[in-house]
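Notes follow the structure.
Numbers for residues simply follow the sequence, beginning at 1. All values below come from the heavy atoms of this structure, side chains included, with hydrogens, waters and symmetry mates left out.
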Amino acid sequence: MVAEDEDLSVRVQYEPGYVLITAAGEIDFASVAGLRERMYTLAATGRPLVADLDRVSFIDAAGLGALAGAARQAAAHGASLRVVCARPGIRRLFRITGLDQAIPPAGTLGEALGMLASAAKAEAV
């Protein structure tokens, strides 16, 4: 399923064990509402979420806030949110804002899935 805004497209793929949300374009105050709504709805299902931001060229405070809120929503439903982003500028924003402490960005999808697996093992113990 793909939703498009002028500056942002969002694709949702249901994978075994997680939901992959791929965003492309700019995530800002003008485009974040649809993304936020979809992420919150998906987070409420209790399935782990992986947000792929590698095709995001810009993200502002509204976008970072939507990610933080989706992570809280997922946690409230027994799941988690992982973020994939190798873009240095966006990773820097995560670090500067401290969001990397709540949602550590993974460099690859494989790394994010490893984080999900590690979290699941820790919960099982």
#### Entry: From CA spacing to verdict: side chain to side chain contact (heavy atoms under 4.5 Å, CB included), Y14, R47
CA-CA 10 Å; Y14 293 86; R47 290 192 65 184; 3.5 Å; yes
### Task
Check whether any side-chain heavy atom of L20 sits under 4.5 Å from a side-chain heavy atom of D52, and report yes or no.
yes
### Query
How far apart are the C-alpha atoms of R91 and D100, what are their side-chain angles, what is the distance that settles it, and do they pass the side chain to side chain contact (heavy atoms under 4.5 Å, CB included) test?
CA-CA 8 Å; R91 289 177 74 94; D100 63 338; over 6 Å; no
### Message
How long is the straight-line distance from CZ of R92 back to OG1 of T97, given to the nearest 0.5 Å?
### Response
11.0 Å
### Summary
To the nearest 0.5 Å, atom CE of M115 lies from atom OG of S80 at 9.5 Å
### Of V10, D7, L8, the residue whose pairing with I27 passes side chain to side chain contact (heavy atoms under 4.5 Å, CB included)
L8
Taking distance alone, no hydrogens or angles, what donor-acceptor pairs closer than 3.5 Å link side-chain atoms of residues 57-70 to residues at least two apart or in another chain?
| residue | atom | partner | partner atom | Å |
| --- | --- | --- | --- | --- |
| S57 | OG | G25 | O | 3.3 |
| D60 | OD1 | A62 | N | 3.0 |
| D60 | OD1 | G63 | N | 3.1 |
| D60 | OD2 | F29 | N | 3.0 |

### Y40 reachable from V32 in the ILVMFWY side-chain graph, under 4.5 Å edges
no
### Task
Could you list the residues that satisfy side chain to side chain contact (heavy atoms under 4.5 Å, CB included) with A112, not counting sequence neighbours?
V50, R82, V84, A106
### Task
For E37 and A33, indicate whether the former's side chain and the latter's backbone hold a donor-acceptor pair under 3.5 Å.
no
## Note on the structure
When rounded to the nearest 0.5 Å, the distance separating CG of L49 from NE2 of H77 is 11.0 Å
### Test item: R87 side-chain N/O and L53 main-chain N/O as donor-acceptor pair under 3.5 Å
no
### Separation between OH of Y18 and CD of Q13, rounded to the nearest 0.5 Å
7.5 Å
### Query
Taking all non-hydrogen atoms of both residues, which atom of A79 and which atom of P48 are closest, and how far apart?
CB-N, 3.9 Å
### Task
With side chain to side chain contact (heavy atoms under 4.5 Å, CB included) as the test, would you mind laying out the steps for R38 and I21 before giving the verdict?
CA-CA 9 Å; R38 293 182 80 191; I21 304 156; over 6 Å; no
